[in-house]
Protein chains: 2
Amino acid sequence: MKVSTRGRYGVNAAFELAIRFGEGPVPIKIIADAQQLSESYLEQLMAKLRKAGIVSSARGAQGGYELTRHPGEITVGEVIYAVEGPMVPADCLLQDGRHGCVRVDTCAGRIIWGKIYDGIRSVIDTMTLADLIEEKERKERSEENE
Amino acid sequence: MKVSTRGRYGVNAAFELAIRFGEGPVPIKIIADAQQLSESYLEQLMAKLRKAGIVSSARGAQGGYELTRHPGEITVGEVIYAVEGPMVPADCLLQDGRHGCVRVDTCAGRIIWGKIYDGIRSVIDTMTLADLIEEKERKERSEENE
DNA sequence: AGCATACCCGACCTTTGTTGTCAAGATTGA
DNA sequence: TCAATCTTGACAACAAAGGTCGGGTATGCT
């Protein structure tokens with residue numbers, strides 16, 4: 001039960017872009033350095049974010065990536081969904097309506113996975129990148145007072 | 001963000017044992033048939049459950065597996081933990097106290113993963129195998145009335 | 001022209017999922 | 001008691017998916 005590295009790096013990268021929102025395109029190298037991960041891998045994630053319309057890219061010198069919308073309008077869920085697909089703990093929850101699991105009657109776990117799924121979504125679908133920035137700043141302030 | 005097959009099969013198997021609690025050892029073949037998965041793979045999961053003290057095993061004819069405690073005293077979380085390790089969405093949440101992530105200050109995701117982790121645990125640590133049985137029976141009753 | 005940067009693609013390694021093979025222990029029936 | 005049979009236990013082999021990296025190409029600024 002892990003968030004894949006895609007999800008983790010993706011959120012971290014989006015967060016980095018959120019901090020720099022409004023400063024123009026940010027090259028991938030900057031993000032990779034800040035988050036200590038390889039440029040090659042990050043590129044693949046940025047491609048997914050671009051295809052999902054979350055970031056835009058600019059080639060050439062002074063190019064890079066930037067968010068297409070204000071950080072307050074992008075939820076963490078959107079980012080995760082873009083890089084690693086739905087945050088559903090078990091595939092049988094995905095199918096529509098009555099045609100879920102082949103063995104609905106014997107699959108006890110569905111009750112559990114459903115509850116977990118609801119819990120996860122209530123977190124990631126309501127929290128935006130702007131909220132993340134705010135929480136981080138609050139945390140830093142409280143640490144200064146120690 | 002998936003529960004691995006280990007977790008899913010593990011919970012399903014434990015659930016099957018819970019239904020048969022008190023009837024003596026249940027051979028792995030019965031469980032594998034009921035859940036439609038291979039005996040070989042299930043054996044490996046049962047070995048983990050045994051090492052975790054959740055089930056006991058008896059060899060030879062009339063042997064099999066059974067729960068060591070009443071289904072009401074075994075949480076789903078225990079089972080999942082035994083077969084696939086902690087349900088922590090990101091490893092950096094695991095380390096103790098202040099020594100977590102090497103880059104605590106740059107890791108925005110910790111806020112998110114922490115909230116998700118709390119949500120998941122509140123589900124799986126409170127729900128027991130007996131609760132699962134009860135929920136399933138309730139579901140079946142409501143379907144009869146349709 | 002030259003440089004900085006995104007973009008595409010393929011190779012490799014690690015982890016997870018899955019199945020099969022053989023050994024070891026316990027019960028049953030003669 | 002002995003042998004046949006049922007069952008778990010350990011381990012190896014393989015396939016599939018995810019993660020990681022590097023090289024080469026396209027594009028656009030200066």
Side-chain angles (χ1 to χ4, degrees), chain A residues 1-13 16-17 20 23-33 35-52 54-68 80 82-87 89-91, chain B residues 1-13 17 20 23-33 35-68 80 82-87 89-91:
Chain A
M1 190 67 187
K2 293 268 187 294
V3 177
S4 70
T5 61
R6 291 203 293 274
R8 295 209 300 278
Y9 295 163
V11 169
N12 284 133
E16 210 68 27
L17 287 181
R20 293 168 167 78
E23 302 177 4
V26 182
I28 213 166
K29 189 173 191 317
I30 303 292
I31 306 173
D33 282 354
Q35 304 290 347
Q36 295 180 1
L37 53 94
S38 89
E39 299 178 36
S40 327
Y41 192 26
L42 190 52
E43 266 179 350
Q44 299 171 36
L45 304 182
M46 297 309 286
K48 287 176 189 257
L49 292 181
R50 181 170 49 85
K51 280 168 193 157
I54 295 173
V55 307
S56 63
S57 64
R59 287 184 164 193
Q62 311 307 315
Y65 296 90
E66 58 189 330
L67 297 178
T68 57
I80 295 179
V83 293
E84 72 162 311
M87 288 282 277
D91 284 336
Chain B
M1 190 67 185
K2 293 267 187 296
V3 178
S4 70
T5 61
R6 290 203 293 273
R8 295 209 300 279
Y9 296 164
V11 169
N12 284 133
L17 287 182
R20 295 169 167 76
E23 303 177 5
V26 181
I28 211 165
K29 188 172 191 317
I30 303 292
I31 305 174
D33 282 354
Q35 304 290 347
Q36 294 179 3
L37 53 95
S38 89
E39 299 178 35
S40 327
Y41 192 27
L42 189 52
E43 267 178 353
Q44 296 171 38
L45 303 182
M46 296 310 286
K48 288 176 189 257
L49 292 182
R50 180 172 48 87
K51 280 168 192 158
I54 295 173
V55 306
S56 62
S57 65
R59 288 183 166 190
Q62 313 305 317
Y65 295 91
E66 57 189 331
L67 298 178
T68 56
I80 295 179
V83 292
E84 72 163 308
M87 287 282 278
D91 285 335

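Protein chains get the first letters and strands the later ones, always in sequence-line order, with residue 1 at the start of each.
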*Minimum heavy-atom distance A/Gly63-A/Pro25, with the two atoms named*: C-CB, 3.6 Å
_Euclidean distance, atom CD of residue A/Glu66 to atom P of C/dT5 [Å, nearest integer]_ = 14 Å
*Decide side-chain contact (heavy atoms from CB on, under 4.5 Å) for A/Tyr9 and A/Leu45; before the verdict, give the C-alpha distance in whole Å, the side-chain angles of both, and the deciding distance to 0.1 Å.*
CA-CA 8 Å; A/Tyr9 295 163; A/Leu45 304 182; 3.5 Å; yes
Check the interface with nucleotides 11-14 of chain C: list each N/O to N/O pair with the protein under 3.5 Å, or write none.
none

*asked:* Within the structure provided, determine whether A/Glu66 and A/Val55 are in side-chain contact (heavy-atom separation under 4.5 Å).
replied: no
*Provide the closest heavy-atom pair for A/Ala82 versus A/Ile54 in the form atom of the first, atom of the second, distance.*
CB-CD1, 3.9 Å
*Quick one: B/Glu39 CD to C/dC22 P, roughly how many Å, whole number?*
17 Å
Nucleotides 28-30 of chain C: which of its N/O atoms have a protein N/O under 3.5 Å away?
none

*asked:* How would you summarise protein contacts on nucleotides 9-19 of chain D per nucleotide, using B for base, S for sugar-phosphate only and - for none, with heavy-atom distances below 4.0 Å?
replied: BB-------SS
*Applying side-chain contact (heavy atoms from CB on, under 4.5 Å), run through B/Leu17 and B/Met46 and close with a yes or a no.*
CA-CA 11 Å; B/Leu17 287 182; B/Met46 296 310 286; 3.7 Å; yes
*What integer distance in Å separates B/Arg8:CZ from C/dT16:P?*
14 Å
*Would you name the heavy atoms of A/Leu49 and A/Gly10 that are closest together and state the gap between them?*
CD1-O, 4.5 Å
*Whole-Å distance separating the CG atom of B/Leu45 from the C1' atom of D/dT8*: 14 Å
*Is A/Thr68 reaching over with its side chain to a backbone N or O of A/Ser56, donor-acceptor style, under 3.5 angstrom?*
no
*For B/Leu42 and D/dT8, give me the distance from atom CG to atom P, rounded to whole Å.*
9 Å
*asked:* Is there a side-chain contact (heavy atoms from CB on, under 4.5 Å) between A/Arg20 and A/Ile30? Walk through the geometry before answering.
replied: CA-CA 11 Å; A/Arg20 293 168 167 78; A/Ile30 303 292; 3.7 Å; yes
*Does the side-chain contact (heavy atoms from CB on, under 4.5 Å) test come out yes or no for A/Glu43 and A/Ile28, once each step is laid out?*
CA-CA 7 Å; A/Glu43 266 179 350; A/Ile28 213 166; 3.4 Å; yes
_Could you check whether any side-chain N or O of A/Arg6 sits under 3.5 Å from a backbone N or O of A/Glu84, counting only pairs where one atom can act as donor and the other as acceptor?_
no
*Where is the tightest heavy-atom contact between A/Gly7 and A/Val83, given as atom of each residue plus distance?*
CA-CG2, 3.8 Å
*Can you tell me how far C1' of C/dC7 sits from CD1 of A/Ile28, to the nearest Å?*
10 Å
